[in-house]
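Take a look at the structure below.
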Amino acid sequence: MSLIRIPLAAALLLGLAAPVAAQDPAPEPPQRFEAVKLWPHGAPGSAARRGEREVARDYWVRNIHDPSLIPFPASTAKRNGSAIVILPGGGHKLLVWTNEGTKVATALNRIGVTAFVLKYRLANEPGSTYSVEGDAADDARRAIRWVRAHAADYGIDPTRVGVMGFSAGGELVTQVADHPEPAGRPHVDAIDALSARPDFQVLVFPGPRGLPAPAVATAPPAFLVAGSRDACCAAPSVALYEQLRRAGVSAELHMYADSGHAFNLDESDRISILHWPDRLFDWLADGGWLSPRAAPASASPAAALPGAATPR
């Protein structure tokens, strides 16, 4: 059988082909995200292992000796000036990098919040010489300071920088939001002169480390969420909420019935839990964090410092 070849123009006239190029929009180039090193000369106390490569598999990463941030800037059309530093969990043995990090960042982008996912040092990894209260908390504080220092580069108001942690990451939120910074921690440059206290805190099934918290009287507003049957983290969530409430700090707690640990953004068959991010977004809106506000011209306290990053 011979094939009859019809020119494209004739095929269009006959209705045999659709003008695909005319119908479809031009493809958008994928976003590029580049890691920003937190410490210009390497993290204090990690020199002996700084050259080791990180280990990543599927959804997790470990063996972190040169802490970094990955910026996820909100689009200019949506951004409202707020930022959140995300601290993934993983028992301080690894970081649940996707489900408690990058996926969360893109969800926050959709409501106009610029997000930064932190790779912090792991105290419970085999062979680790790091501590949660010292090294990992130093990384979290440095991340908050770095975001404030480079606020103008991302269209961020430095007075609207929050922190959000999952499980072990929630313990780090407590360390930076509800504890005073210990004396004698490393200060390596002008960024370390900025405040590391977040303007608001989000704790998602946070662990018990650091409770009772000694500085809740000066803590920022808090949103807490956990499962009522979480053997690890139900009780710490309730205990921290009660501390904050008694101290007069604005706080909101959601405890989901018959639910355990690590339901993350979309890892449950319970309708109520699938919608917990909506409760967070409501809380952020009620607090005014999603309402665009004009940042002052001097919004970036250390914008002139070396190492300022430009979002791609």
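When all heavy atoms are compared, the tightest approach of Ser68 to Leu118 is O-CD1, 3.4 Å. Nearest heavy-atom pair, Cys233 versus His261, reported as atom, atom and distance to 0.1 Å: SG-CE1, 3.6 Å. Here the closest non-hydrogen pair linking Pro206 and Val225 is CD-O, 4.2 Å. Taking all atoms of both residues into account, the shortest heavy-atom contact from Ala74 to Arg79 is CB-CB, 3.7 Å. Contact between Ala213 and Gln243 at its shortest, heavy atoms only, is N-OE1, 2.8 Å. For Ile86 against Gly101, the heavy-atom pair with the smallest separation is CD1-O, 3.9 Å.
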Would Val176 and Arg197 satisfy side-chain contact (heavy atoms from CB on, under 4.5 Å), going step by step from the backbone distance to the final call?
CA-CA 6 Å; Val176 301; Arg197 178 188 181 276; over 6 Å; no

Carefully, step by step, assess Trp39 and Asp139 under the rule side chain to side chain donor-acceptor pair (under 3.5 Å).
CA-CA 9 Å; Trp39 307 89; Asp139 294 341; 3.2 Å; yes

Candidate pair Arg160 and Ile156, rule side-chain contact (heavy atoms from CB on, under 4.5 Å), full reasoning
CA-CA 7 Å; Arg160 303 174 72 191; Ile156 295 167; 5.9 Å; no

Show your working on side-chain contact (heavy atoms from CB on, under 4.5 Å) between Val173 and Val202 and close with a plain yes or no.
CA-CA 8 Å; Val173 172; Val202 178; over 6 Å; no

Working for salt bridge (charged side-chain N to carboxylate O under 4.0 Å, His left out), residues Arg246 and Glu242:
CA-CA 6 Å; Arg246 288 178 178 272; Glu242 185 62 12; 3.0 Å; yes

Go through the steps for Arg145 and Glu181 under the test salt bridge (charged side-chain N to carboxylate O under 4.0 Å, His left out), then give the verdict.
CA-CA 13 Å; Arg145 289 174 166 134; Glu181 182 170 0; 2.7 Å; yes

Run the side-chain contact (heavy atoms from CB on, under 4.5 Å) check on Trp146 and Val36 step by step: do they pass?
CA-CA 10 Å; Trp146 192 96; Val36 175; 3.2 Å; yes

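In this structure, Asn80 contributes its side chain and Ile111 its backbone to a donor-acceptor pair below 3.5 Å. Between the Asp157 side chain and the Ser82 main chain, no donor and acceptor come within less than 3.5 Å of each other. In terms of modelled atom types and a separation under 3.5 Å, the side chain of Arg141 and the main chain of Ala196 share no donor-acceptor contact. Remark: the backbone N or O of Lys37 is not paired with any side-chain donor or acceptor of Asp66 at under 3.5 angstrom. Without hydrogens or angle criteria, Ser237 side chain to Ala226 main chain gives no donor-acceptor distance under 3.5 Å. Looking only at distances, no side-chain donor or acceptor of Gln201 sits under 3.5 Å from a matching main-chain atom of Val163. Looking only at distances, a side-chain donor or acceptor of Ser128 sits under 3.5 Å from a matching main-chain atom of Leu122.
Side-chain atoms of Leu224 and Leu244, non-hydrogen and from C-beta on, do get closer than 4.5 Å to each other. Counting only heavy atoms from C-beta outward, the side chains of Leu253 and Met255 approach each other to under 4.5 Å. Leu240 places a side-chain heavy atom less than 4.5 Å from the side chain of Asp178. Val147 is not listed as a side-chain neighbour of Tyr154, based on a closest heavy-atom distance of 4.5 Å or more. Side-chain contact check for Val55 versus Val61: every heavy-atom pair is 4.5 Å or farther apart. A 4.5 Å side-chain heavy-atom check between Ser259 and Ile273 finds at least one atom pair inside the cut-off. Within the 4.5 Å cutoff, the side chain of Pro220 has no heavy atoms near those of the Asp199 side chain. Residues Phe205 and Pro236 have side chains not in contact (no heavy-atom distance under 4.5 Å, counting atoms from C-beta outward).
Counted by atom type alone, Thr174 and His179 present zero donor-acceptor pairs between their side chains at under 3.5 Å. Using modelled atom types, one finds a donor on one side chain and an acceptor on the other under 3.5 Å when comparing His92 with Glu171. Counted by atom type alone, His275 and Asp278 present one or more donor-acceptor pairs between their side chains at under 3.5 Å.
Ring geometry for Trp289 against Phe200 counts as tilted: the plane angle lies between 30° and 60°, on a 0 to 90° scale. Ring geometry for Trp276 versus Phe166: interplanar angle over 60°, hence perpendicular rather than tilted (30 to 60°).
Expressed to the nearest 0.5 Å, how far CG of Leu108 lies from CZ of Phe72 amounts to 10.5 Å. Interatomic distance, Ile70 CD1 to Glu34 CD, rounded to the nearest 0.5 Å: 10.0 Å. Between atom OG of residue Ser195 and atom CD1 of residue Ile144 there is a gap of 8.0 Å, rounded to the nearest 0.5 Å. Atom CG of residue Asp286 and atom CZ of residue Arg279 lie 10.5 Å apart, to the nearest 0.5 angstrom. Note that the CZ atom of Phe116 and the CE atom of Met164 stand 15.5 Å from one another [nearest 0.5 Å]. Considering CH2 of Trp60 and CH2 of Trp97, their distance stands at 14.0 Å, rounded to 0.5 Å.
When the side chains of ILVMFWY residues are joined at heavy-atom separations under 4.5 Å, either directly or via intervening members, Tyr130 and Leu94 end up in two distinct hydrophobic clusters. Transitive grouping of hydrophobic side chains (ILVMFWY, heavy atoms separated by less than 4.5 Å) keeps Leu172 and Val96 in distinct clusters. Residue Val161 is grouped with residue Leu280 when hydrophobic side chains (ILVMFWY) are merged at heavy-atom distances under 4.5 angstrom, including chains of intermediate members. Clustering ILVMFWY residues whenever any of their side-chain heavy atoms sit less than 4.5 angstrom apart, transitively, puts Val216 in the very cluster that holds Val238.
Atom CZ of Phe281 has more than 12 heavy atoms from other residues, nucleotides or ligands within 6.0 Å. The local environment of NE2 in His187 is crowded, with over 12 non-hydrogen atoms from other residues, nucleotides or ligands closer than 6.0 Å. Within a 6.0 Å sphere centred on CZ of Arg50, other residues, nucleotides and ligands contribute more than 12 heavy atoms.
Checked options Asp135, Asp138, Leu95, Val132; the residue passing with Tyr120 is Leu95 (criterion: side chain to side chain contact (heavy atoms under 4.5 Å, CB included)).
Salt bridge status for Glu133 with Arg209: present, with a side-chain N to carboxylate O gap under 4.0 Å. A salt bridge is defined here as a Lys NZ or Arg NE, NH1 or NH2 lying under 4.0 Å from an Asp or Glu carboxylate O, and Glu125 with Arg62 meets this definition. The pair Arg49-Glu54 does not meet the salt-bridge criterion, since no charged nitrogen lies less than 4.0 angstrom from a carboxylate oxygen.
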